[in-house]
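All chains are named by letter (A, B, ...) in the order of the sequence lines, taking the proteins before the strands, and each is independently numbered beginning at 1.
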Amino acid sequence: MCVTDVGRVTALAADGGSAELAGGGPSRPVSLAVLVLEGVPVHVGDWVRVHTGLAVEVLGEGEALAALRAVRP
Amino acid sequence: MSAEGAIRFARFAHPPNALGYCGPSDDASVRRLAVTPALDAPAVDEAEVLALARGFEGAWPYLELLAGPTGDPLSVDVVDAYWLGGGRADEVAADAFATHLRDRVGDRLGVPWPAVEAAIAAGGRPTHAFHVLCASPFVGLARRGAIAAALPAIEGCRISWGEVRSVEGTGLVVDVVPIEWEDGVLRLDGARPRARTAVAAGGAPALSAGDRVALHWDRVCDRLEPERWARLEATTHEHLEVVERLGPVDDRT
């Protein structure tokens, strides 16, 4: 029942396992477990695609903004 | 609008909403609806409830499809068909399902549209099991190796079923048939139910040991009579078979 969300990382937890997102809605926490397992580095300022509270992919800015338009037209 | 169906919808929808995963940001209103006793259904505010339900952007398109153009998306039949499968979900033509889903929410699903379309052609039905297993990114993530993150998401997000072993206040221990990832395949291990700690979400009927229940994100949504239990079990199996039949697809978003 959940659909894709897109947000920008504004803060990382000290253990690197979670992040705070902004953009496209209120600030919200997200798990980085998938990206950690896949060895994908995440930095403050990165855009990520989120599903059910899990960041599943790091997006380029152009791709993120296009996805954001689809999420919140 | 069926207030009884709306309450039932909210009982299943509230757990992920409370976790902030989906649905409207007004979690308190969803919870209030979920805990409304069935006897108080006539007091439910129709406009408010419809606005809340539409806020579940993933679920609402399925409910609309199951209801048909003139039906009630929150009728008990529609709500059960979405959460448990069977019934109306078995009556929707595959091409109508594909067209509706693509037009309503195709660019917001967790896998690319061609993979979703293939899952519909392979037997996927407009149900929550389909959404979790065939239209969300978890199976693809597991196949890419992120099993430790994907499997708990699948377990939490799917509607699982189990038998209450014990009750203490609002806490329960429920024997649940778990989903496991074995040799690159998702399987339900029916031979080995596992004890899981769950919470009796507000509004769920009073429970006792031996009751059979539905769970969403480890919250009990409802008691399951044998017919609804069988529908949920069959639908979950059917969609696991769809996933296995399709095999790896290009499921990167």
**Student:** For a quick test of reading the model, state the closest non-hydrogen atom pair linking B:Ala148 to A:Leu37 and the distance between them.
**Tutor:** CB-CD1, 3.9 Å
**Student:** Checking B:Asp218 now: which residues fulfil salt bridge (Lys or Arg N to Asp or Glu O under 4.0 Å) with it, not counting sequence neighbours?
**Tutor:** B:Arg196
**Student:** Looking only at heavy atoms, which two atoms of B:Ala149 and A:Val34 are closest? And how far apart?
**Tutor:** CB-CG2, 3.6 Å
**Student:** How far does SG of A:Cys2 sit from CD of B:Glu57, to the nearest 0.5 angstrom?
**Tutor:**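 Nearest 0.5 Å value for the SG-CD distance: 10.0 Å.
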**Student:** Work out which heavy atom in A:Val3 is nearest to a heavy atom in B:Arg108; give both atom names and the distance.
**Tutor:**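 Taking every non-hydrogen atom into account, CG2-NH2, 3.3 Å.
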**Student:** To the nearest 0.5 Å, tell me how far A:His51 NE2 sits from B:Cys157 SG.
**Tutor:**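 Atom-to-atom, A:His51:NE2 and B:Cys157:SG are 6.5 Å apart.
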**Student:** Taking atom OH of B:Tyr21 and atom CG of A:Leu54, what is their separation to the nearest 0.5 Å?
**Tutor:** 7.0 Å
**Student:** Would you check if the side chain of A:Thr4 reaches a backbone N or O of B:Leu109 as a donor-acceptor pair within less than 3.5 Å?
**Tutor:**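 Confirmed, A:Thr4 side chain pairs with B:Leu109 backbone.
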**Student:** Looking only at heavy atoms, what is the nearest atom pair of B:Arg144 and A:Val56, with distance?
**Tutor:** NH2-O, 3.8 Å
